[in-house]
Amino acid sequence: MLVAFIASTTKSIEEKWRKIWEEERAYEADLNQSKPKFYLTVAYPYPNSPQHVGHGRTYTITDIYARYKRMRGFQVLFPMGFHYTGTPILAMAKRLASEDEELRDLFIKIYKVPEEVLKELEDPFKMARFFHEEIKTGMKEMGYSIDWRREFTTVDPGYSRFIQWQFRKLKEKGYIKIGTHPVGWCPSCGNPVGQHDTKGDVEPEVVEFVAIKFKMGDFSIPTATLRPETVFGVTNIWVNPQADYVKAIVDGEKWIIGLKASERLKHQNLKMEILEVFKGRDIVGGNAVNPINGQLVPILEAKFVDPGHATGVVMSVPSHAPYDYMALKEAKEKTGCLIEPITIISFEGAGNVPAADVCREMGIESQTDPKLEDATKELYRRELTSGIMLSNTGKYSGMRVPEARELIRIELIEKNDARVIYELSEKVYCRCGESCVVKILENQWFIDYGNLQWKEKVYECLDSMRIVPEELRIEFKNVVEWLRERACARQRGLGTKLPWDENWIIESLSDSTIYMAYYIVAKYINMGLIDPTKLNDGFFDYVLLGLGNPRDVASSIDVKTELIEEIRREFIYYYPLDSRNSGRDLVPNHLTFFIFNHVAIFPKELWPKQIVINGSVLMEGRKMSKSLGNIVPLREAVREYGADALRIAVVSTAGLLQDANFSPSLARTLADFLETLRRQYRVVATMPSSSSKTDRVDKWLISRLQETVKEVTEAFEELDVRKAVQLVLYQMDNDLNWFLRRKGCSNLEEAFQYSNILKKFMEVRAKLLAPLAPYTAEEIWSIIGERGLICKAEWPQLDSSLIDEEAEKSEEFIKELIEDTNKILRVLPGRPSRIVYYVAATWKWDVYREILSMKEPDVKTILMRLEKTGVEVDKAAIAKFIRTTIDMLPKMGRDFVKSWVEFKPDHEFNLLEEAKRFLEREFRCEVLVYYEDASEVYDPKKRAVLARPCKPAIYVEVEK
RNA sequence: GCGGGGGUAGCCAAGCCUGGUCUAAGGCGCAGGGCUUAGAACCCUGUGGGGUAGCCCUUCGUGGGUUCAAAUCCCACCCCCCGCACCA
């Protein structure tokens, strides 16, 4: 019952403030020359499903940052759009239409889509729209401070005009190339296949094979391999005796390959004419010539050969391929042939026949043993990393394997003894049931991210950018270095047509690189001031690049010149982008393309200034996935815990770059915490104002507050949200508790006479909390009677005049004293009846000061200096004290001790006297305080001599 | 393989760049106590081992090294996660 009550309260608070924000247009940002601007964006969502709590992390961090910057006095623009481009939505709509039970279940049970709207979602646009609205509602519920007037989708006509402008620019600059490209392909659907098109969501991985042509008369037998360097170790050729093979004319050459293979290879632009079909066994016993060395090798049979994989014929290297080794072993047993493995690679720890060793180690007994797969990988790895070519490999002898592999590949291809063919790394089936093949697409358009001059500019931009966290800068550099040309258009999917070749759709990672600029334009389109279908290149040239004449541009799209100029002004106000936020997964693709395209299109002044990257979210330690069924939809979580608790739960459990763990119990705890916080504000709000004199503890709280403001501010600047949460929630809570404890109040209500201090503390705390928990912050802000929105309030200023080192050290001293006393109490048999503290004698303080002021303190010098002051204590005792102090000093908290001894022994004594009543309450017994060397000291166990500055001696009497 | 991140007490997780105040923040969990009719919340104390005095011993993936001193610096090794392209 109670929980339900809290939840509904939270809900009503959220609704209230959401409404007020909207009415007040709190997050709408236009050009405002009176303020510095801060423009930040986050990668727009792809609406093929509702968002789950994992998505919430990136958006929440960005929103927190936006809110922080807003309070720091910036004109903050935080917009949002939706990415419709690509195939997943299409594929999903298609699956839904085909009554896919699994998907229907997912939609109904997890995404809570009403069954009656399901039918509509079979239209991909409607599906996108549906999830678009769902996500948008979720973002509003989360309290994101987004300027929604700038919203768009990537299939809007205006956006398409913009993307087409971008691509013409890229082409003009020579960054677009045309070529061929191998892709996974479904022959039955006639489409390329991506992960979402395959059974079991397998990503089709295209692998490049080298087909080495062994000669048998006029015919070539192309044997496909990933390891062309092993051609020196070939002893024979394998065919599957039961399978169908063909003789065919392939690109003018006579080939012998598997029948199934021939069908698959047709998609790789090979001209193929089948002459004859026969069984594999028909050529077993024949011989073929190894092109690398002219040796004659026999054709043998092997069951493991898949006639549909690659060419359906393989060369046998028994010494380095476990499959070949096992097949040969069996062939020898069956036919008594005399073939021996030829070893051509050696590595540390290798025997005469490495494949034999691996098979033995792994206990492999036949050529159909599934462990052969692992054996192959293992040997591949070892030989790749540490293999050296042996002397029987001619000019390659002594070379490392990777190098030899590349050179032999080139040699064979140049002599036309081999050619490249492609095959999928594993069998992949389209959702229609067909086995996927590799198809070579002609006229494929590429963005040439390999262009070196372009890369130079990217490096330049990267060097000038702030990367948060800094550790990822190196990763960006590596990505830029590796990046080659990238196919930028696809044959199907939603999106923008390639302006010069309308058969192609610009793919999703290519149409999402500079759209931050488009948010400026989108506002004017959404306001109905511009007809998006009229937008032309001249418009974008002027608005985004300042090129051309505004009057001509305006008349070409039927608007007033002033409007065009206004848009330009707004663009130039907000650009360059101050921060781009996103999850880690986008580093090697989107974020890097984002830099590439910015430096390609925009002048240097408009290059982006910062990238912020965060890790992902795990669900109780595991990755969130449909198959694990552990997805927590965002909106459901908001209903369950409230937006503020959820916001904090997703951003506070790990450092920025680390994967965070979502824990429902933490979210629950945070919800309770925020509820308690609201209660506290209500209590403080009703307190009458007080005018009590400020004592040391008051000064301490206010001083701590300054430190907290400083640290929280720094944490937000660094986007160390986790730290900010810890400070604002827990550290401030601890400080407040200590304050109440010291004041002898068992709860907040009792502390009414300190309301002036508390109100100040609470006011600042509300502001520090505002970026993290906007709803709660607005609520408590109004509870304590502040007018106006806290999200627009000024960030608390650090007042260094209120930092009181003495008060802080004193409280720290008291805390340590309690700790020390507790340590003693712990080992005592009963409750204490009396505790006595002894402040160290003045000369001990002198000793400390002397030692701390010396670089290399020694007993003699200090002793001599002390004698001048005329101490009346046993010299031996002093010397001993000096000795032990010097020894233990490195182990002590040097800084603390150093500043402590700046004070006089009187300070410590007065402090203890002052805290006596407090200590008596704490330990519930009498407390006495003496100077160690006072004339009358109660010291039955002679503890007083143990007193040290900063560490009074303690004597505890226990109840009998 | 290449590249990146990481291995810290029962769990999650900070610290590591800039060695000492580190038995190592904070949270969760657990135990004891306070408050309370009771519970929840809240507060205090404890949570590697030992100890009738604030202490001693042991610990930060493993093994070495540097240093008066290492979770922190150096070397080697083991293990886990992510990316490697046309997929958003």
Side-chain angles (χ1 to χ4, degrees), chain A residues 2-3 43 45-46 48 83 85-89 181-184 192 194-196 203-206 380-381 384-385 402 441 444 446-447 449 470-472 474-475 477-479 481-490 493 507-510 512 584-590 615-616 620-621 623 652-655 657-661 663 665-666 669-670 672-673 675-676 679 722-723 725-727 729-731 733-734 737 740-741 746-748 816-830 889-897 922 941 943 946 951-956 958:
Chain A
L2 190 62
V3 170
Y46 189 77
N48 69 335
H83 202 194
T85 311
T87 51
I89 291 175
H181 188 67
V183 294
Q195 187 176 346
H196 44 266
E203 177 72 40
E205 189 193 350
V206 177
Y380 182 97
R381 191 185 65 78
L384 182 77
T385 50
L441 289 179
Q444 173 69 258
F446 296 91
I447 300 182
Y449 290 129
E470 185 59 34
E471 294 99 289
L472 283 182
I474 179 76
E475 204 169 321
K477 284 197 172 168
N478 290 335
V479 172
E481 194 186 315
W482 296 333
L483 224 51
R484 301 288 170 260
E485 53 278 302
R486 177 192 166 81
C488 61
R490 305 202 57 178
E507 64 83 48
S508 56
L509 281 170
S510 302
S512 57
R584 266 205 100 148
D585 48 335
L586 300 187
V587 171
N589 42 66
H590 164 73
S616 61
E620 308 224 287
K623 202 175 165 178
S652 68
T653 55
L657 197 57
Q658 253 54 60
D659 285 345
N661 202 7
S663 137
S665 69
L666 174 66
T669 305
L670 287 165
D672 293 345
F673 186 96
E675 168 64 16
T676 306
R679 195 189 60 79
R722 177 196 169 83
K723 191 173 179 194
V725 168
Q726 256 167 31
L727 292 168
L729 264 55
Y730 306 119
Q731 194 187 95
D733 219 36
N734 285 338
N737 282 334
L740 296 177
R741 191 172 160 193
S746 62
N747 56 45
L748 201 55
E816 282 195 15
L817 188 75
I818 291 175
E819 208 169 291
D820 274 351
T821 311
N822 274 328
K823 277 181 185 169
I824 295 169
L825 293 177
R826 208 176 306 149
V827 292
L828 289 181
L889 205 67
K891 281 178 75 185
M892 292 189 296
R894 203 187 170 102
D895 286 344
F896 183 80
V897 174
E922 285 288 310
K941 285 271 169 84
R943 300 278 182 207
L946 297 174
K951 246 178 153 36
I954 305 170
Y955 167 59
V956 180
V958 182

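The figures that follow rest on heavy atoms only: side chains count, while hydrogens, waters and symmetry mates do not. Just so we're on the same page: letters track the sequence lines, and every chain starts at 1.
Under the 4.5 Å side-chain criterion, counting only non-hydrogen atoms from C-beta, A:Glu475 is in contact with A:Arg584. In this structure the side chain of A:Leu483 reaches within 4.5 angstrom of the side chain of A:Val479, judged on heavy atoms.
For A:Arg490 and B:C87, the shortest distance from a side-chain N or O to OP1 or OP2 is below 4.0 Å. Contact annotation: A:Asn661 side-chain N/O to B:C12 OP1/OP2 distance is not under 4.0 Å. In this model, the phosphate group of B:C42 is not approached by any side-chain N or O of A:Arg741 to a distance below 4.0 Å at OP1 or OP2. A close approach under 4.0 Å does not occur between any side-chain nitrogen or oxygen of A:Arg722 and OP1 or OP2 of B:A13. Contact annotation: A:Ser663 side-chain N/O to B:C12 OP1/OP2 distance is not under 4.0 Å.
Nucleic acid contact for A:Gln731: none, since no nucleic acid atom lies under 4.0 Å from a heavy atom of the residue. Looking at heavy-atom distances under 4.0 Å, A:Arg943 makes contact with a base. A:His181 comes within 4.0 angstrom of a nucleotide base, judged by non-hydrogen atoms across all strands. Counting any heavy atom pair closer than 4.0 Å across all strands shown, A:Asp733 reaches sugar-phosphate atoms only and no base atom. Residue A:Ala953 is in base contact, counting any heavy-atom pair closer than 4.0 Å across all strands shown. Within the 4.0 angstrom heavy-atom criterion, base atoms lie near A:Pro952. Using a 4.0 Å heavy-atom cutoff across all strands shown, A:Ser652 reaches no nucleic acid atom at all.
Distance check on atom C1': B:G64 versus B:G15 gives 24 Å, rounded to whole Å. Between B:C78 and B:G63, the distance separating the two P atoms is 15 Å to the nearest Å. A gap of 15 Å separates the C1' atoms of B:G50 and B:U59, to the nearest Å.
Checked by distance alone, A:Asn478 brings no side-chain donor or acceptor within 3.5 Å of a matching partner on the base of B:G3.
The nearest heavy atom of RNA chain B to A:Leu586 and to A:Asn822 marks one nucleotide each, and the one closer to the 5' end goes with A:Asn822.
Base-pair partner of B:G20: B:C68 (Watson-Crick or G-U wobble, both distances under 3.5 Å). Summarising the base pairing, B:C30 is matched to B:G46 through a Watson-Crick or G-U wobble pair whose two defining distances lie under 3.5 Å. The partner of B:C87 cannot be assigned: no Watson-Crick or G-U wobble pair with both contacts below 3.5 Å exists in any strand. Within the shown strands, nothing qualifies as a pairing partner of B:A38 under the Watson-Crick or G-U definition with both distances less than 3.5 Å.
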